[in-house]
Amino acid sequence: MSERHHTKVLIIGAGPAGYTAAIYAARANLKPIMVQGMQPGGQMTITTDVENYPGFADVIQGPWLMEQMQKQAEHVGTRMVFDLITSVDFSKRPFVCTADSGDVFVAETVVIATGAQARWLGLESEERYRGFGVSACATCDGFFFRNKNIAIVGGGNTAVEEAIYLTNHADTVTLIHRRDSLRAERIMQDRLFANPKIRMKWNTAVEEIVGEQNPPRVTGLKLKDTVTGAESELAVDGFFVAIGHTPVTDIFKGQITLDDDGYIVTKADSTATNIPGVFAAGDVKDKVFRQAVTAAGMGCMAALEAEKFIAAHESHGKTALRAAE
């Protein structure tokens, strides 16, 4: 039988942003409920070595970091619910959110931290070597390919920016694009073509990632010319996918303001959306940085803003009650 839950702060999604929001909201005695969704921990659960999260001198594992964040959030008073929010009603407060189980969550404020999902090529070999030489985040994993030869696939600003960034670590970076021209801004292309470490593979599609299994590591790519059909191989030590991200915002369409790419729009220097009492943090609103540490920072902001919002409305309610007496 479905249940009805009431909370001052409902957090939708469980990654660095959601867990940090939960920690701060719980410490403010707001007794938050977190509905974790399909992938508790978010993209960090498919990230192996993490070397850029502050506070750890040694390399840590992404799943372990998310496990620790969850335990910390629970320890300070967050209630964890393993369910998936499938619909929301932000037309009036308190907000009503319905889960896949049929449970209903009634909340004074909502923090959306559903994140974004990297787009992948859809290759079986891509899945096999993900985290073992295949990555969708150059700034997260580029460091592990110092003095190596790597490849990146894509044709937009993200691919070009990440290819240039990877030259800070790698000996060579091969940018693979299935067309004969890039979609990236011209100034970015000029920087790309001027970099002596970058090589181009035009009119080329990645057919398969090849490598070893014990231990797992990438050794090369099988390529196909999109014009002639000719097949070839490229020896590389790592492979980055930069064909975009998709924010997890489908259930919020028509409820809050999204940009043309589906990311949640928030006010400047804030996590507040266009609906008072609804906040968004992490990759669901951030298409620029997409880092665990920036997501965590925004989770902190969202909780503090939710606390301030609740306090203001409680104060207003007490004032109105005194005036009516």
Side-chain angles (χ1 to χ4, degrees), residues 11 13-28 34 36 39-78 80 113 115-116 118 129-150 152 158 161-173 197 211-212 214-218 236-242 245 271 281-284 286 288-304:
I11 300 164
Y19 285 138
T20 306
I23 291 165
Y24 273 80
R27 283 176 54 80
M34 170 182 279
Q36 294 191 293
Q39 189 180 26
Q43 293 186 77
M44 289 295 288
T45 60
I46 58 171
T47 302
T48 51
D49 292 347
V50 176
E51 208 168 29
N52 59 1
Y53 198 87
F56 301 95
D58 297 323
V59 176
I60 58 174
Q61 300 297 300
W64 177 85
L65 179 60
M66 292 302 94
E67 180 182 289
Q68 294 302 304
M69 283 192 178
Q70 177 177 328
K71 288 180 178 179
Q72 185 179 4
E74 290 177 310
H75 177 73
V76 293
T78 302
M80 297 290 173
Y129 290 106
R130 194 179 300 177
F132 299 99
V134 173
S135 172
C137 182
T139 51
C140 304
D141 300 324
F143 182 77
F144 299 111
F145 296 93
R146 296 185 301 277
N147 306 316
K148 302 287 187 179
N149 299 310
I150 57 180
I152 182 168
T158 298
E161 289 170 4
E162 296 207 341
I164 294 171
Y165 171 81
L166 288 168
T167 61
N168 294 323
H169 304 291
D171 274 351
T172 64
V173 177
K197 286 190 174 183
E212 300 175 354
N214 293 308
R217 72 181 187 94
V218 171
V236 294
D237 301 293
F239 177 59
F240 290 81
V241 181
H245 287 74
T271 63
D283 288 8
V284 75
D286 173 25
V288 179
F289 301 105
R290 296 196 298 268
Q291 299 297 301
V293 67
T294 52
M298 282 183 276
C300 166
M301 291 169 58
L304 294 176

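A distance of 5.5 Å separates CG of L166 from CD1 of I152, quoted to the nearest 0.5 Å. Rounded to the nearest 0.5 Å, atoms CD (E51) and CD1 (I60) are 10.0 Å apart. Between atom CG of residue L65 and atom CD of residue Q70 there is a gap of 12.0 Å, rounded to the nearest 0.5 Å. Here the straight-line distance linking atom OG of S135 with atom CZ of R130 works out to 10.0 Å at 0.5 Å rounding. Here the CE-CD distance, from M80 to E74, works out to 5.0 Å after rounding to the nearest 0.5 Å. Summarising the geometry, atom OG1 belonging to T20 is positioned 10.5 Å from atom CE belonging to M298; distances are rounded to the nearest 0.5 Å.
The shortest heavy-atom contact between A14 and M34 is CB-SD, 3.7 Å. M44 approaches P16 most closely through the heavy-atom pair CG-CG, 3.9 Å. Of all heavy-atom pairs spanning N52 and T139, the tightest one is ND2-O, 3.7 Å. The two atoms that bring K197 and A170 nearest to each other are NZ-O, 3.0 Å, heavy atoms only. When all heavy atoms of E162 and A242 are compared, the closest pair comes out as OE1-CB, 4.1 Å. Here the shortest heavy-atom pairing between A303 and A21 reads CB-O, 3.4 Å.
Side-chain contact between D283 and H245 is absent, with no heavy-atom pair separated by less than 4.5 Å. A heavy-atom distance below 4.5 Å is found between the side chains of K71 and E67. Between F56 and V50, every side-chain heavy-atom pair lies at or beyond the 4.5 Å cut-off. Between F240 and D141, the closest side-chain pair of non-hydrogen atoms falls below 4.5 Å. Using a 4.5 Å heavy-atom cutoff, the side chains of M66 and Y19 are in contact.
Here the side chain of R146 pairs a donor or acceptor atom with the backbone of F143 at under 3.5 angstrom. Between the side chain of T45 and the main chain of G42, a donor-acceptor pair closer than 3.5 Å is present. In this structure, the side chain of D237 engages the main chain of N149 through a donor-acceptor pair within 3.5 Å. Remark: the backbone N or O of G211 is paired with a side-chain donor or acceptor of Y129 at under 3.5 angstrom. Using modelled atom types, one side-chain atom of Q43 and one backbone atom of A116 make a donor-acceptor pair closer than 3.5 Å. Between the side chain of T78 and the backbone N or O of A22 there is at least one donor-acceptor pair closer than 3.5 Å.
Within a 6.0 Å radius of CZ in F145, other residues, nucleotides and ligands contribute more than 12 heavy atoms. Within 6.0 Å of atom CZ in F289, 12 or fewer heavy atoms from other residues, nucleotides or ligands are found, so the atom counts as exposed in its surroundings.
Using the six-membered ring where Trp is involved, H169 and Y165 have ring planes that are perpendicular, over 60° apart on the 30 and 60° scheme.
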| Full working for side-chain contact (heavy atoms from CB on, under 4.5 Å) between R290 and T158 | CA-CA 12 Å; R290 296 196 298 268; T158 298; 3.8 Å; yes
